[in-house]
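The structure appears right after this line, and notes come after that.
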Amino acid sequence: MQSDFDPGVPLAHYRQHNARVRLCCLDCQHHRELPVEAVIERLKVRGLGDENTGIRAVAGFVAVPCPRCAGLRFQTMPSFPTIPKGPGWMSPSPV
């Protein structure tokens, strides 16, 4: 049975959100965050994709092992900047 892979939202979409690409090792959960523009540029240089490449598909192009466990299974997802707590910010009320 063939599974349908969803490549995710194109990297270009995350530019407007000032998001980063979070690369996470599936074996040990070690992660790092990379700027979207750097990921797009690296894909172009290697001839593997461009800004239309889905964020989940990026994990399949990782060529180096995890620095912590040497694993080769990765997941990629967006990482959005946190919203600073300032005037007018309200925390959720306790339930």
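Scope of the values below: all heavy atoms of this structure, side chains included, with no hydrogens, waters or symmetry mates. For this chain, numbers begin at 1 and follow the sequence in order.
Interatomic distance, M77 CE to R20 CZ, rounded to the nearest 0.5 Å: 14.5 Å. For the atom pair CG of L11 and CD of E37, the computed distance is 9.5 Å after rounding to the nearest 0.5 Å. Between the OG atom of S79 and the CG atom of L23 there is a distance of 12.0 Å, given to the nearest 0.5 Å.
The shortest non-hydrogen separation linking A57 to T53 is CB-CG2, 4.2 Å. When all heavy atoms of P65 and A70 are compared, the pair lying nearest together is CB-O, 3.6 Å.
Taking R22 as the reference, E33 meet the salt bridge (charged side-chain N to carboxylate O under 4.0 Å, His left out) condition, with sequence neighbours excluded. Applying the ring-ring contact (aromatic ring centres under 6.0 Å, His included) test to H13 and every residue at least two apart in sequence or in another chain returns H17. With sequence neighbours excluded, the residues that form a side-chain contact (heavy atoms from CB on, under 4.5 Å) with P78 are Y14, I55, F80. The side chain to side chain donor-acceptor pair (under 3.5 Å) test applied to R73 returns D27, not counting sequence neighbours. With sequence neighbours excluded, no residue forms a side chain to side chain donor-acceptor pair (under 3.5 Å) with Q75.
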| task | I would like to know whether H30 and C24 meet side-chain contact (heavy atoms from CB on, under 4.5 Å); could you show each step before the answer? | result | CA-CA 6 Å; H30 176 74; C24 183; over 6 Å; no

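Residues V9 and F74 are members of separate hydrophobic clusters, defined by side-chain heavy-atom contacts under 4.5 angstrom among Ile, Leu, Val, Met, Phe, Trp and Tyr.
When atom types are taken as modelled, the side chain of T76 and the backbone of A59 share a donor-acceptor pair closer than 3.5 angstrom.
No more than 12 heavy-atom neighbours from other residues, nucleotides or ligands sit within 6.0 angstrom of CZ on R32.
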Which atom pairs, one a donor and one an acceptor, fall under 3.5 Å between side chains of residues 38-46 and the rest of the protein, sequence neighbours left out?
from : atom 1 : to  : atom 2 : distance (Å)
K44  : NZ     : E51 : OE1    : 3.3
R46  : NH1    : F61 : O      : 2.8
R46  : NH2    : F61 : O      : 3.3

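Looking at heavy atoms from C-beta onward, C25 lies out of side-chain contact with H31 at the 4.5 angstrom threshold.
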